Colleague: 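Pasting a structure here, questions to come.
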Amino acid sequence: MSPLRRRLLFGVPLAVVVAGGAGFYTILRRMQVDDYDPHALPSPLIGKRPPAFTLPGTDGAQGFANTDIEAPAKPMLVNWFASWCLPCQQETPMLAKLAASGITIWGIAYQDHPDATADYLARFGNPYQRIAADASGLTAINWGVYGVPETYFIDKTGIVRWRYPGALTQQVVDSQLMPLFRKYS
Amino acid sequence: MSARRLLLALLLLPGLALGQDMVVRDGVTLTPAQEKRAEAVGDQLRCLVCQNESIEASSAKLAHQLRVIIRQQVVQGVPNKQIMNYMVQRYGIFVLLKPPISPLTWLLYASPFIALILGFFAVWFGRRARQPATAPLSQAEQARLDELLK
């Protein structure tokens with residue numbers, strides 16, 4: 001066996017292991033800083049308008065229909081949440097911060113009891129200008145929502161540009177959401 | 001049979017009253033053939049919540065709702081392909097347990113062939129690099145070997 005072949009024989013498996021390790025390390029590190037979610041799915045709604053719906057209001061707030069978000073004055077967020085959802089509670093400070101900075105956020109309560117929604121908003125704060133209730137969850141299916149929370153970015157022409165499944169964190173807001181607001185406002 | 005007994009029988013056996021061959025699954029009443037078709041569709045769709053289960057197998061609430069939608073569409077006579085399209089429109093091709101061949105999945109479907117070609121090249125180069133077999137012994141060498149082995 002020539003020295004080159006011998007070196008290759010030892011080197012190739014070592015290189016595979018090193019490359020694999022580096023790959024796994026990158027995935028785990030990005031998962032830790034909320035930069036990557038292996039369960040997250042791309043939304044087929046991106047580049048389109050949300051499907052037709054009309055949902056009643058809840059907790060004294062006004063509900064809304066797809067026609068109400070066809071041409072918002074400025075880019076806005078639609079946030080799907082539920083009082084029974086723990087990650088939703090985790091993202092409430094982030095939503096409050098976004099609302100305080102002047103961003104329009106409309107909420108849709110997913111498969112929730114009106115009383116429970118009201119309690120939840122009283123406890124964790126209400127960042128929403130309008131709140132609709134999707135008690136049956138059928139509008140959620142039409143949107144392709146597969147869990148709560150989910151946040152949709154809608155531009156001035158009513159087109160969905162971004163969907164984030166899971167709780168919004170500072171990292172996600174800084175690296176993904178803020179560039180979108182700069183791009184579309 | 002008196003009218004009263006007949007009524008009792010009807011009350012006790014709602015299945016009989018409906019016609020024996022109806023089944024109820026996820027709150028939808030359908031014929032066994034329709035149920036079989038609904039199951040065939042649901043088996044090909046991924047539950048979005050527990051991502052390695054099919055919609056048929058999953059106990060997630062969303063999967064239950066999607067099973068109801070599949071069955072309602074089956075009862076209405078919607079073809080399988082259209083039901084699958086309904087799901088893909090909402091959740092993307094990830095909802096299909098067997099993804100279609102598209103630019104996004106070319107590499108996936110080509111990977112066995114790529115592996116085969118790489119393996120072929122590995123064997124071919126390995127053969128080429130192998131040192132030639134030792135030359136046959138000359139007459140003198142053979143004679144010496146015979147001498148030694150005697």
Side-chain angles (χ1 to χ4, degrees), chain A residues 1-9 11-13 15-16 36-53 66 80 82-87 108-113 134-150 152 160 162-166, chain B residues 26-28 41-42 45-55 58-73 78 83-97 99-100 102-105 115 118-119 121-132 134:
Chain A
M1 198 183 283
S2 73
L4 177 70
R5 276 170 61 84
R6 186 179 304 233
R7 228 174 288 162
L8 269 179
L9 213 59
V12 168
V16 168
Y36 174 69
D37 176 5
H39 292 287
L41 300 181
S43 170
L45 214 53
I46 285 162
K48 293 182 196 147
R49 288 204 164 85
F53 68 94
N66 60 306
W80 289 80
S83 67
W84 45 261
C85 139
L86 278 173
I108 303 181
Y110 173 69
Q111 296 194 327
D112 211 359
H113 293 289
D134 182 19
S136 68
L138 291 178
T139 300
I141 289 175
N142 286 337
W143 279 57
V145 171
Y146 64 97
V148 272
E150 276 191 19
Y152 290 76
V160 175
W162 180 76
R163 183 267 296 269
Y164 188 77
Chain B
D26 293 294
V28 183
V41 173
L45 297 169
R46 186 192 304 276
C47 169
L48 286 308
V49 182
C50 4
Q51 298 186 347
N52 284 324
E53 279 188 305
S54 75
I55 283 174
S58 175
S59 57
K61 204 173 169 186
L62 181 63
H64 161 76
Q65 279 191 309
L66 295 178
R67 281 199 298 272
V68 170
I69 289 172
I70 291 170
R71 278 162 182 76
Q72 284 168 346
Q73 296 196 359
V78 177
I83 304 177
M84 307 281 267
N85 283 345
Y86 173 98
M87 298 294 169
V88 172
Q89 254 176 26
R90 282 156 182 78
Y91 300 106
I93 61 163
F94 187 79
V95 77
L96 303 174
L97 281 170
S102 73
L104 200 68
T105 56
L118 285 179
F121 274 112
V123 169
W124 190 57
F125 278 116
R127 283 239 171 127
R128 238 174 52 137
R130 193 171 296 158
Q131 294 184 354
T134 321

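What you see is a predicted model; the values in this text were computed from it and never measured. Sequence lines set the chain letters: A, B, ... in the order given, protein chains first and strands last, and positions in each chain run from 1.
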Colleague: Do B/Q89 and A/K48 have side chains that approach each other closer than 4.5 Å (heavy atoms only, starting at C-beta)?
Modeller: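 In short, these two side chains do not touch, never coming nearer than 4.5 Å.
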Colleague: Rounded to the nearest 0.5 Å, how far apart are OH of A/Y146 and CZ of B/R46?
Modeller: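 Interatomic distance, A/Y146 OH to B/R46 CZ, rounded to 0.5 Å: 11.5 Å.
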Colleague: Just so I know, are the side chains of B/L62 and A/V145 near enough to count as touching, which here means a heavy-atom distance under 4.5 Å?
Modeller: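 They are not in contact (no side-chain heavy atoms under 4.5 Å apart), so the answer is no.
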Colleague: Can you name the nearest heavy-atom pair linking A/P44 to B/G92, along with the distance?
Modeller: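 Closest pair (atom of A/P44, atom of B/G92, distance): CG-N, 3.2 Å.
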Colleague: Tell me, side chain or backbone of B/Y91 under 4.5 Å from chain A's heavy atoms, or both, or neither?
Modeller: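 Contact with chain A involves both backbone and side-chain atoms of B/Y91.
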Colleague: Considering only heavy atoms, which portion of B/V88 lies under 4.5 Å from any heavy atom of chain A: side chain, backbone, both, or neither?
Modeller: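 Contact with chain A is through the backbone of B/V88 alone.
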Colleague: To the nearest 0.5 Å, what is the distance between CG on A/L41 and CG on B/L48?
Modeller: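 Answer rounded to 0.5 Å: 6.0 Å.
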Colleague: Between A/H39 and B/Q51, what is the shortest heavy-atom contact and its length?
Modeller: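 A/H39 and B/Q51 have their closest heavy atoms at O-NE2, 2.9 Å.
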Colleague: Checking heavy atoms, do the side chain of B/I93, its backbone, both or neither come under 4.5 Å from chain A?
Modeller: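 No part of B/I93 comes within 4.5 Å of chain A.
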